[in-house]
Amino acid sequence: MRTYADLFAAREFRNLFLANCAGIAAHTTSALALGALTYASTGSALLTALSMFGAPLAGVLGSLTLLSAADSLPPRRALTLAAVLVTVGAAVQALPGLPLWARFTIIFVSAYVGSITGGARWALLTDILPADAYVLARATMNTSVGVMQIAGFGLAGALLVWLSPYQVFLLAAVLRAVAAAVGWFGLSERPVRVTERTTIARTVRVNKELWKDPGRRSLFLNLWVPNGLIVGCEALFVPYAGDRAGFLFAAAALGMLIGDVVVGRFLTGARRERWVPALRLLLAVPYLVFLLSPPLPLAMVVALVASVGFAAGLPLQERLIAHSPPEARGQVLGLHHNGMLAGQAVCAALAGTVADLVPAYWAVALLAGASLAATLVLTAGLRRTAPAGAGAVR
């Protein structure tokens, strides 16, 4: 499969794509509504960052407990159950009198459920499509994230001008229900990858086996740390731009979309590898401009250009699959996804803490500098998994 037409000719991929679109649109609209509600009631950059980006910390708990469910539960059933539970949580968020601690509990529980089943979604790509179509498929799924973030943040930003956050939560609940229905009726059930029961002991054992390999460990760290620090920059968009933060989020999403389309659709495997170093640097360097407290239009350009660098994750994920056992593919991709989101949540909390002490634009630049330093330090470890002839990685 080399084209989008080839990809979307697969019925199950189309449905998985649509379900993902609805879920991301729901997440972005509810996240901005919750961020606005939290900042209005507390005035805290830390709590605002946690409300929008902190839920994936539950992924740490999921990765340490029941992540093996990604391989030992039937994928359609697991994904649909998770979608239904998240739909209920989004509906409860629409209650006006709900205290802030209860809202945080809902997003934590929803994120925990998603963390133990999310790997099944990405592993399904390798079941639905040929092996050489993974990068194009994952890039296309990432594109759906970018498009839906642009639409979701833009729509939520506009709706919050006329509607209350509680009404926006109701819209998110409807979108979550659509995602659950498309997943249930649009996917075929498949057998489990392993017959062992889902247990904490099995999750821990497989995690140890995955982590002890130096090549996989390097890939996990390179996928988690620099990206997470840049998401920490994004977590400060609300304190930096106030009610215009939606424009910054939309610009960042557009940049990510551009990177995924170019790298996933138009670059061959060899060219993807050659572009890895430049893309990893591009992710952090533009945000150093925030030292100058740029006006909103320039800040939007910075966010757009930098977010193209997220596409470096596509060839690194390709390496991760190539260096992992097929029977643990769901757990491998789940661990990558949960670790990535947890790293983003930790960095969002760090960013909020720093921004409560110094101006938001200084905090953005500091996080960008830390991401650049992490990129440089972690680059050497990528040599272990570089494909033959990938001379660009030094």
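Model, not experiment: these values are computed from the prediction.
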Colleague: Rounded at 0.5 Å granularity, tell me how far CG in L229 sits from CD in Q344.
Modeller: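 Result: 10.5 Å between the selected atoms.
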Colleague: Yes or no on side chain to side chain contact (heavy atoms under 4.5 Å, CB included) for L16 and V182, after CA distance, side-chain angles and deciding distance?
Modeller: CA-CA 8 Å; L16 192 64; V182 172; over 6 Å; no
Colleague: Indicate the atoms forming the closest heavy-atom contact of A172 with A26, along with that distance.
Modeller: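 Heavy-atom minimum between the residues: O-CB, 3.4 Å.
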Colleague: Hydrophobic clustering (ILVMFWY, side-chain heavy atoms < 4.5 Å, transitive) - are L281 and L283 grouped together?
Modeller: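 Looking at the clustering, L281 is in a separate group from L283.
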Colleague: Keeping T126 on the side-chain end and A123 on the backbone end, is there a donor-acceptor pair under 3.5 Å?
Modeller: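 At least one qualifying donor-acceptor pair exists.
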Colleague: Between OG of S30 and CD1 of I107, what distance do you get to the nearest 0.5 Å?
Modeller: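 Here the interatomic distance stands at 9.0 Å.
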Colleague: Membership question, hydrophobic clusters at under 4.5 Å side-chain separation (ILVMFWY): are I128 and Y4 in the same one?
Modeller: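 Y4 and I128: one cluster.
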Colleague: Applying side chain to side chain donor-acceptor pair (under 3.5 Å) to T379 and R280, what does each step give before you reach the verdict?
Modeller: CA-CA 9 Å; T379 294; R280 294 175 71 236; 2.8 Å; yes
Colleague: Search all heavy atoms of G35 against all heavy atoms of S51 and return the closest pair with its distance.
Modeller: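 Scanning both residues, the minimum pair turns out to be CA-OG, 3.5 Å.
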Colleague: Donor-acceptor pair, distance only, cut-off 3.5 Å: does the side chain of S307 make one with the backbone of A252?
Modeller: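 Checked: pair present.
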Colleague: Is Y134 reachable from F266 through a run of hydrophobic residues whose side-chain heavy atoms are each under 4.5 Å from the next?
Modeller: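 Yes, it is one cluster - the side chains of F266 and Y134 are joined through contacts under 4.5 Å.
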Colleague: Verify the distance criterion only: is there a donor paired with an acceptor across the side chains of R103 and T38 at less than 3.5 Å?
Modeller: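 Distance-only check fails for R103 and T38.
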Colleague: Is it the case that one hydrophobic cluster holds both L124 and V84, taking links as side-chain heavy atoms less than 4.5 Å apart, direct or via other members?
Modeller: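 Cluster IDs for L124 and V84 differ.
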Colleague: Does the side chain of F290 reach to within under 4.5 Å of the side chain of L236, using non-hydrogen atoms?
Modeller: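 The answer is no, as the side chains (C-beta and beyond) never meet within the 4.5 Å cut-off.
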Colleague: Within this structure, what is the CG-OG1 distance for the pair L34 and T29, rounded to the nearest 0.5 Å?
Modeller: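 OG1 of T29 is found 11.0 Å from CG of L34.
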Colleague: Under a 4.5 Å side-chain heavy-atom rule over Ile, Leu, Val, Met, Phe, Trp and Tyr, are L350 and L357 clustered together?
Modeller: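 Yes, it is one cluster - the side chains of L350 and L357 are joined through contacts under 4.5 Å.
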Colleague: Looking at R271, I'd like to know if its CZ atom is crowded, meaning that more than 12 non-hydrogen atoms belonging to other residues, nucleotides or ligands lie closer than 6.0 Å.
Modeller: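 Not buried by this count: 12 neighbours or fewer within 6.0 Å.
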Colleague: Indicate the atoms forming the closest heavy-atom contact of I230 with A368, along with that distance.
Modeller: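 Between these two residues, the closest heavy atoms are CD1-CA, 4.3 Å.
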Colleague: How close do V206 and A328 get, heavy atom to heavy atom, and via which atoms?
Modeller: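 Closest approach of V206 to A328: CG1-CB, 4.1 Å.
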Colleague: Could you tell me whether the side chain of L175 reaches within less than 4.5 Å of the side chain of I24, counting heavy atoms only?
Modeller: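 I24 does not reach L175 side chain to side chain.
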Colleague: Side chain to side chain contact (heavy atoms under 4.5 Å, CB included) for W275 and V263? Distances and angles first, verdict last.
Modeller: CA-CA 9 Å; W275 276 97; V263 174; 5.9 Å; no
Colleague: Relative to each other, are the rings of Y240 and Y361 parallel, tilted or perpendicular (30° and 60° limits)?
Modeller: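 Rings of Y240 and Y361: perpendicular, over 60°.
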Colleague: Indicate yes or no: at least one non-hydrogen side-chain atom of V289 is less than 4.5 angstrom from one of L298.
Modeller: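 The answer is yes, as the side chains (C-beta and beyond) meet within the 4.5 Å cut-off.
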Colleague: For a 4.5 angstrom cut-off between non-hydrogen side-chain atoms, does L67 reach S115?
Modeller: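 Contact flag for L67/S115 side chains = no.
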Colleague: For the atom pair CD (Q93) and CD1 (I106), what is the distance rounded to the nearest 0.5 Å?
Modeller: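 Separation between the atoms: 4.5 Å.
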Colleague: Under the criterion salt bridge (Lys or Arg N to Asp or Glu O under 4.0 Å), I'd like the reasoning laid out for D127 against R329: C-alpha separation, chi angles, the key distance, then a yes or no.
Modeller: CA-CA 11 Å; D127 295 331; R329 189 164 291 163; 5.8 Å; no
Colleague: Counting N and O atoms only, with roles assigned by atom type, does the side chain of D71 sit under 3.5 Å from a partner on the main chain of G330, one being a donor and the other an acceptor?
Modeller: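 It does hold such a pair.
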Colleague: Atom CZ of residue position R77 - does it have more than 12 heavy atoms of other residues, nucleotides or ligands inside 6.0 Å?
Modeller: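 Incorrect, the count does not exceed 12.
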Colleague: CZ of F220: more than 12 outside heavy atoms within 6.0 angstrom?
Modeller: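 Counting other residues, nucleotides and ligands, CZ of F220 exceeds 12 neighbours.
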Colleague: If we ignore hydrogens and angles and just use 3.5 Å, is the side chain of E327 paired with the main-chain N or O of V194 as donor and acceptor?
Modeller: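 No: the side chain of E327 does not pair with the backbone of V194.
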Colleague: How long is the span from the NE2 atom in H336 to the CH2 atom in W224, to the nearest 0.5 Å?
Modeller: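 It comes to 9.5 Å.
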Colleague: Quick one: is the NZ or CZ of R216 closer than 6.0 Å to the six-membered ring centre of W211, and within 45° of its axis?
Modeller: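 Not satisfied by the 6.0 Å and 45° rule.
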Colleague: Take S110 and H27, measure what side chain to side chain contact (heavy atoms under 4.5 Å, CB included) needs, and give me the verdict at the end.
Modeller: CA-CA 11 Å; S110 298; H27 173 75; over 6 Å; no
Colleague: With a 4.5 Å heavy-atom cut-off, do V225 and V377 have their side chains touching?
Modeller: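 Of all side-chain heavy-atom pairs linking V377 with V225, none is under 4.5 Å.
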Colleague: Would a 4.5 Å heavy-atom cut-off, applied to side chains only, mark T203 and T65 as touching?
Modeller: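 No - every pair of side-chain heavy atoms lies 4.5 Å or more apart.
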Colleague: Supply the atom-to-atom distance L267 CG to R265 CZ, rounded to the nearest 0.5 angstrom.
Modeller: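 L267 CG to R265 CZ: 10.5 Å, rounded to 0.5 Å.
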Colleague: Can you tell me if N227 uses its side chain to pair, donor with acceptor, with the backbone of M340 under 3.5 Å?
Modeller: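 Here the side-chain-to-backbone pair does not exist.
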Colleague: Do P387 and E318 make a side-chain contact, defined as non-hydrogen atoms from C-beta onward lying under 4.5 Å apart?
Modeller: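 No, too far: nothing below the 4.5 Å cut-off.
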Colleague: Going by the angle between their ring planes, with limits at 30° and 60°, are F169 and Y166 parallel, tilted or perpendicular?
Modeller: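 The arrangement is tilted - the two ring planes meet at 30° to 60°.
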Colleague: Show, in sequence, the C-alpha distance, side-chain angles and deciding distance for Q167 and L171, and conclude whether the side chain to side chain contact (heavy atoms under 4.5 Å, CB included) test is met.
Modeller: CA-CA 7 Å; Q167 292 169 313; L171 172 62; over 6 Å; no
Colleague: Can you give me the closest heavy-atom contact between L291 and A365, atom names plus distance?
Modeller: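 Scanning both residues, the minimum pair turns out to be CG-CB, 3.5 Å.
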Colleague: State, with a plain yes or no, whether a side-chain heavy atom of H337 is found less than 4.5 Å away from one of L333.
Modeller: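 Counting from C-beta outward, H337 and L333 never come under 4.5 Å.
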Colleague: Counting distance only, does the side-chain N/O of S371 pair as donor-acceptor with the main-chain N or O of L367 below 3.5 Å?
Modeller: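 It does not hold such a pair.
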Colleague: Donor-acceptor pair, R121 side chain versus P75 backbone, under 3.5 Å?
Modeller: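 It does not hold such a pair.
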Colleague: Do side-chain atoms of E273 reach the backbone of A386 as a donor and acceptor pair under 3.5 angstrom?
Modeller: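 It does not hold such a pair.
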Colleague: Can you tell me how the ring of F8 sits relative to the ring of F17, calling it parallel under 30°, perpendicular over 60° and tilted otherwise?
Modeller: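 Perpendicular: the ring planes of F8 and F17 meet at over 60°.
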Colleague: Return yes if a side-chain donor-acceptor contact under 3.5 Å exists between R384 and S218, otherwise no.
Modeller: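 Not at all, the side chains of R384 and S218 share no donor-acceptor pair under 3.5 Å.
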Colleague: Of all heavy-atom pairs between A351 and A363, which one has the smallest distance, and what is that distance?
Modeller: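 Taking every non-hydrogen atom into account, O-CB, 4.4 Å.
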